[in-house]
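FYI, the numbering just counts along the sequence from 1.
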Amino acid sequence: QVRLVESGGGLVQSGGSLRLSCAASGINFRIYDMSWYRQTPGQQRDFVARVSSGGDINYAQFVKGRFTVSRDDAQNTATLEMNDLEPEDTAVYYCRADRKDSDFHSWGQGTQVTVSS
């Protein structure tokens with residue numbers, strides 16, 4: 001059974017940093033692309049960053065060089081390092097795993113990030 005567990009969210013002041021982690025189990029992690037999304041109440045879930053199974057990396061434009069996505073295949077973990085956080089970054093952040101060359105994907109339960117001004 002696929003399980004993705006996010007951690008590392010919390011309350012931080014504007015300009016601060018947080019490191020989110022996504023621990024995966026029940027999958028062959030190496031063949032999954034790992035992505036981060038975020039969602040605020042009443043809004044759609046927006047793409048934030050992605051690291052593919054091959055190590056290719058993409059970011060949403062609003063990241064503006066502030067976030068860094070990475071993965072550790074030995075630990076079955078994906079990480080989102082967030083710096084210079086702004087109140088607009090306040091959201092629930094979700095981890096998503098997409099199996100390479102397949103339509104199968106799975107979501108984590110989300111972790112709340114709150115940035116105070």
Side-chain angles (χ1 to χ4, degrees):
Q1 182 178 354
V2 181
R3 188 165 184 236
L4 302 175
V5 179
E6 300 97 333
S7 61
L11 173 64
V12 64
Q13 289 188 332
S14 181
S17 300
L18 283 174
R19 180 183 175 94
L20 306 184
S21 293
C22 174
S25 60
I27 59 173
N28 183 357
F29 188 78
R30 296 173 187 272
I31 65 170
Y32 280 76
D33 298 337
M34 299 302 296
S35 301
W36 290 92
Y37 286 72
R38 69 186 190 184
Q39 188 172 28
T40 55
Q43 301 298 315
Q44 66 180 20
R45 198 169 289 187
D46 291 329
F47 170 77
V48 176
R50 169 183 168 272
V51 53
S52 75
S53 58
D56 296 323
I57 289 175
N58 303 98
Y59 295 103
Q61 205 160 13
F62 62 76
V63 168
K64 300 176 196 173
R66 301 178 297 134
F67 298 178
T68 302
V69 65
S70 61
R71 63 186 294 151
D72 184 339
D73 289 350
Q75 298 294 325
N76 287 5
T77 300
T79 300
L80 184 68
E81 189 88 34
M82 305 188 294
N83 299 309
D84 195 19
L85 285 162
E86 304 165 351
E88 293 73 22
D89 296 314
T90 295
V92 177
Y93 283 71
Y94 295 89
C95 173
R96 169 172 163 151
D98 287 83
R99 182 170 177 162
K100 187 179 172 65
D101 299 328
S102 167
D103 291 333
F104 177 80
H105 66 270
S106 183
W107 292 95
Q109 85 288 350
T111 186
Q112 176 70 47
V113 170
T114 302
V115 184
S116 63
S117 57

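The nearest pair of heavy atoms linking M34 to A97 is SD-CB, 3.6 Å. The minimum heavy-atom distance linking Q112 with A91 is given by the pair NE2-O, 3.4 Å. In plain terms, the two heavy atoms of L20 and G9 that are nearest each other are CD2-N, 3.5 Å.
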Please tabulate, for side-chain N and O atoms in residues 75-83, each donor-acceptor pair with protein atoms closer than 3.5 Å (sequence neighbours left out).
residue	atom	partner	partner atom	Å
T77	OG1	Q75	O	2.9
E81	OE1	R19	NH1	2.6
N83	OD1	S17	OG	2.8

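Atom CG in L4 sits 7.5 Å away from atom OG in S25 (nearest 0.5 Å). Rounding to the nearest 0.5 angstrom, the gap separating the CD1 atom in I27 from the CZ atom in F104 is 8.0 Å. In this structure, OG on S53 lies 11.0 Å from CZ on R99, to the nearest 0.5 angstrom. A distance of 7.0 Å separates OG of S52 from CZ of R71, quoted to the nearest 0.5 Å.
With sequence neighbours left out, the side-chain contact (heavy atoms from CB on, under 4.5 Å) criterion links S116 to L11, Q13. Scored by the side-chain contact (heavy atoms from CB on, under 4.5 Å) test, S14 finds P87, V115 as partners (sequence neighbours excluded).
Linking Ile, Leu, Val, Met, Phe, Trp and Tyr whenever their side-chain heavy atoms come within less than 4.5 Å puts V113 and V63 in one cluster.
For residues 33-49, the salt bridge (Lys or Arg N to Asp or Glu O under 4.0 Å) pairs, not counting sequence neighbours, are D33-R50, R38-D89. Within the structure, ring-ring contact (aromatic ring centres under 6.0 Å, His included) contacts touching residues 28-86 (residues at least two apart or in different chains) are Y37-F47, Y37-W107.
With side-chain heavy atoms closer than 4.5 Å counting as contact, directly or through intermediates, V5 stands alone and belongs to no larger hydrophobic cluster.
The side-chain heavy atoms of Y94 and Q39, taken from C-beta on, include a pair separated by under 4.5 Å. A 4.5 Å side-chain heavy-atom check between T40 and T90 finds every atom pair outside the cut-off.
E6 places a side-chain N or O within donor-acceptor distance of the main-chain N or O of G110, the cut-off being under 3.5 Å.
Counting heavy-atom neighbours within 6.0 Å of R66 CZ, excluding the residue itself, gives a total above 12.
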